Each structure stands twice: as C-alpha cells, then as structure tokens.
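Each remark here refers to the structure printed beneath this line.
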Amino acid sequence: MYTNHKITKNDNGTVTIEGELPHEELEKHRAHVVKELGEDIGVDGFRKGHVPEKMVIERIGEQALFTEMAEHALSEHYPKMLVHHDIDAIGRPDVTITKLAADNPLGFKITTAVFPKFELPAYKKLARQHALEHTKKEILVTDEDVATFVDNTVRQQRDVENKKNGIETKSADPLPELTDDLVKTFGAFNSVEDFKQKIREGIMHDKRHRAQDELRIAIMNDILTHTNIALPDILIEAELDKMFAQFTGDIERFGMNVIEYMEHIKKTQEDLRGEWHSDAEKSAKNQLILHEIGLKENLQATPEEIKKETDHILEHHKDAKRANVEAYIATTLANQKVLEFLEKQV
C-alpha cells in the first residue's frame, strides 16, 4: 500500500525506509482514533467516550488528529514493510513523519537497527592453529607452587586463630609447624602428605582451567579479528545494560549502596559506560559469532538440557521469570558447545 519507497542501508548497522502511504490508509483509522481520544474528553451533556467527532476535533485540533491517525497507520504497515523487504529489525524504530496534510499522502521516514549480516572467516582453520599450539604446552605443578599455597593456607589459619584469641599478628611471627593434626583442621585431609597431594591436584585443575580459558580467548580474538561486523548501537547498549546490572549486583553483594559507591569513586553511570564501551562492543560481536557458528554446526542446547539447568537456577532464584532464565540458559549452553567444538579442532 505504500509508494515511492526507498531503502537505504546505513554504515552504522541501521536501515532507513522512506516512502508514502495513501491518504485513504489514514482515513481507515479516523473513527478508532476519534473514539480513543474522545474517551478522555469531557463535554457537558455527553458521557465520556460518547462525545461527537466534531467536538473531539474542536478540542484536540485537526493536526493532532492527523498525527494520531498517521501513527496508527504506520504501526499497522511497518511490520509489513519489514517482511516485504526482508529486514531483520531489532529494537524500536525511529519514526519521522515528513509530510502530513489533509487529503494528501502521508510521508514517512523510518530508521531501524537490523540484526547484522556478516561472513564468518575460516573459523575451523583459525581454531586449529591455536588448538595445536595449546597441545604443545606442558602444564606442570612445581614443588614451589605447592609450598607457596601451603604457606598461605597456614598463615591464613594462624591469623584467624590469633584474631579469635585477641592476639595481634606480626609479619615476623613464625608459622605453625605443618602437622597431621593441623591439616585436619583445614578440611577432609588424613595427613600432611594427603593435604599436599590434594593441593597439587587442585593447582593442576586451576592451571588447566586457566589454560583452557586462554585458548578460548585466543581463538575468539583471532576469529573476531578476521570478521567484519557492522554492529548497531542498540546491541552495544544492551551489552552495557547487562554489564551495569552485573556491576550493581556485585556492589550490593558486598553490602554497599551503588549510588554511594559511585560517589566515592567519583564516577557516573555515563562515565562507566564510556569506559566499558570497547569491551561491550567486543562482547556483542563475540556473541554474534558464537551464535552464527552454532547455527552452522548445529550446536544448540537440547530442551532437556535447558529444562534441567533452568529448574536448578529457579530452585535458588524463585522470583526469576522462567522465560528469561530459559533464554539465558539456552544461550549459555550453546556458547559452551561452540567453544568446546572450536578448542577440539586439532
């Protein structure tokens, strides 16, 4: 129904639709708009919602009526425009009425962010290079690693005991002797050797986990470097919203007030969002890449996996909305599957 239309793809990840709607399309909405506006207008002798059209227009003005009719008409036709032009829009559009007059077509200009389309690089090849390099690295736990951890544990235990007994701890104070009886106070340890062995195993687990994280970061950084994505601002803003929500949660978990904390560090929310902008952009792009690889390799979470994890979270967060948790779990599990897939490209 709209004419003289033009589609413009902008550099900032948005698309602009320009065109006109016949005046008849506005008129289709006249009766409904008059009734809607008349519900809030009081006129002596008439019940609200039953004021004659002429009186409603006299109160609000012809131009205000046309504007409301135009908004209704565009709300009806905008989704059809997206389908017709195969535009994968995200977020709320920016709508400008360029021409609005009696018995004339409605001129409009609509700009909307779109889900970015991009080409993935040879991600398997890039991942394989890093995965092969990773296999060449030997992960070791030295006696020094174990000794350092043991000393820190004993020192922490000594400080706790001293504080409990009202004793001031000095840095030069000697550490207690490491005995079977002492290590049993640390946890489920049978002896000093058992304690050291489990410490060694724990350090190895941590080192392997860190090495895996480093591998995944290296792979994603390389893929990102070879991927050109025109990222709309709305996705960056959404990522910044998540980062600020996490920041707020972290501060509150420490028993602090967010506003007071930000006053203490002399930062505003705008300051923090500005500092985080680069990381937010990178995170949004990485999510798009993971999503696209997941689709190509069919690496999505199963309904059973999503339900199991969702139920577990809702047990501890009963006020959370199930739909939101399911969406979060589906994305998290899919990302995990993609990262496991990439790190195994050897």
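Since the model is a prediction, treat every value here as computed from it, not as a measurement.
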Sequence-distant partners of K308, side-chain contact (heavy atoms from CB on, under 4.5 Å), two or more places apart: none

field: Any residue meeting side-chain contact (heavy atoms from CB on, under 4.5 Å) with H29, in chain and number order, not counting sequence neighbours
entry: V33, H72, A73, E76

Straight-line distance of [X] [atom1] to [Y] [atom2], nearest 0.5 Å:
X    : Y    : atom1 : atom2 : answer
L100 : F108 : CG    : CZ    : 13.0 Å
L288 : L120 : CG    : CG    : 10.0 Å
I251 : Q246 : CD1   : CD    : 11.0 Å
T98  : L106 : OG1   : CG    : 7.0 Å
D88  : L82  : CG    : CG    : 9.0 Å
Y261 : F254 : OH    : CZ    : 9.5 Å

message: Whether K28 and E25 form a salt bridge (side-chain N of Lys/Arg under 4.0 Å from carboxylate O of Asp/Glu) is what I want to check.
response: yes

Check whether [X] and [Y] end up in the same hydrophobic cluster, where Ile, Leu, Val, Met, Phe, Trp and Tyr are linked by side-chain heavy atoms less than 4.5 Å apart.
X    : Y    : result
M256 : I265 : yes
I139 : I217 : no
L215 : M220 : yes
V114 : I289 : no
I219 : L132 : no

If the condition is salt bridge (charged side-chain N to carboxylate O under 4.0 Å, His left out), which residues does [X] pass it with, not counting sequence neighbours?
X    : answer
K163 : none
K137 : none
K337 : E305
R253 : D250

query: Are any of the side-chain heavy atoms of N10 and T16 separated by less than 4.5 Å?
result: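 Touching, per the 4.5 Å side-chain cut-off.
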
Close side-chain approach of H291 and F115, heavy atoms under 4.5 Å: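 A side-chain contact under 4.5 Å exists here.
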
- request: Please report the closest heavy-atom contact between D173 and E168, naming both atoms and the distance.
  value: OD2-O, 4.1 Å

query: Can you check side chain to side chain contact (heavy atoms under 4.5 Å, CB included) on M69 and E27, steps first, answer last?
result: CA-CA 7 Å; M69 289 162 58; E27 286 298 323; 3.9 Å; yes

message: Checking E193 against Q197 for the side-chain hydrogen bond (donor to acceptor under 3.5 Å, both in side chains) test, could you report, in this order, the C-alpha distance in whole Å, the side-chain angles of both residues, the deciding distance, and whether it holds?
response: CA-CA 6 Å; E193 286 308 311; Q197 179 58 33; over 6 Å; no

Review item, side-chain donor-acceptor pairs of residues 321-330, under 3.5 Å, at least two apart:
| residue | atom | partner | partner atom | Å |
| --- | --- | --- | --- | --- |
| R322 | NE | E326 | OE2 | 3.3 |
| R322 | NH1 | D311 | OD1 | 3.3 |
| R322 | NH2 | D311 | OD1 | 2.6 |

[X] atom [atom1]: more than 12 heavy-atom contacts under 6.0 Å:
X    : atom1 : answer
N165 : CG    : yes
E119 : CD    : no
E144 : CD    : no
L295 : CG    : yes
K99  : NZ    : yes
K207 : NZ    : yes
K282 : NZ    : no
F149 : CZ    : no

Tell me which donor-acceptor pairs under 3.5 Å the side chains of residues 124-131 have, and how far apart each pair is, sequence neighbours excluded?
| residue | atom | partner | partner atom | Å |
| --- | --- | --- | --- | --- |
| K124 | NZ | E297 | OE2 | 3.4 |
| H130 | NE2 | D222 | OD2 | 2.9 |

Is it true that the side chains of [X] and [Y] contain a donor and an acceptor less than 3.5 Å apart?
X    : Y    : result
T169 : N162 : yes
T14  : T111 : no
D94  : T112 : no
N335 : Q287 : yes
T142 : D145 : yes
S191 : D194 : no

field: Test item: D206 side-chain N/O and I203 main-chain N/O as donor-acceptor pair under 3.5 Å
entry: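 Side chain of D206 to backbone of I203, a donor-acceptor pair under 3.5 Å: no, none is there.
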
Only distances under 3.5 Å count here; give the side-chain donor-acceptor pairs of residues 176-189 to other protein atoms, sequence neighbours excluded, each with its distance to 0.1 Å.
| residue | atom | partner | partner atom | Å |
| --- | --- | --- | --- | --- |
| T179 | OG1 | L182 | N | 3.1 |
| D180 | OD1 | V192 | N | 2.9 |
| T185 | OG1 | L182 | O | 2.4 |

message: Does anything in residues 284-295 form a salt bridge (charged side-chain N to carboxylate O under 4.0 Å, His left out)? List the pairs, not counting sequence neighbours.
response: E281-K285

query: Is there any salt bridge (charged side-chain N to carboxylate O under 4.0 Å, His left out) pair reaching into residues 230-249, and which pairs are they, with sequence neighbours excluded?
result: E237-R273, E239-K242, D241-R273

task: Only pairs at least two apart or in different chains count here, so list each ring pair (Phe, Tyr, Trp, His ring centres under 6.0 Å) that has a residue in residues 199-243.
output: none

query: What do the steps show when you test H84 against M81 for side chain to side chain contact (heavy atoms under 4.5 Å, CB included), and what is the final call?
result: CA-CA 5 Å; H84 180 69; M81 298 177 198; 5.7 Å; no

task: Classify the ring geometry between F244 and W276 as parallel (under 30°), tilted (30 to 60°) or perpendicular (over 60°).
output: tilted

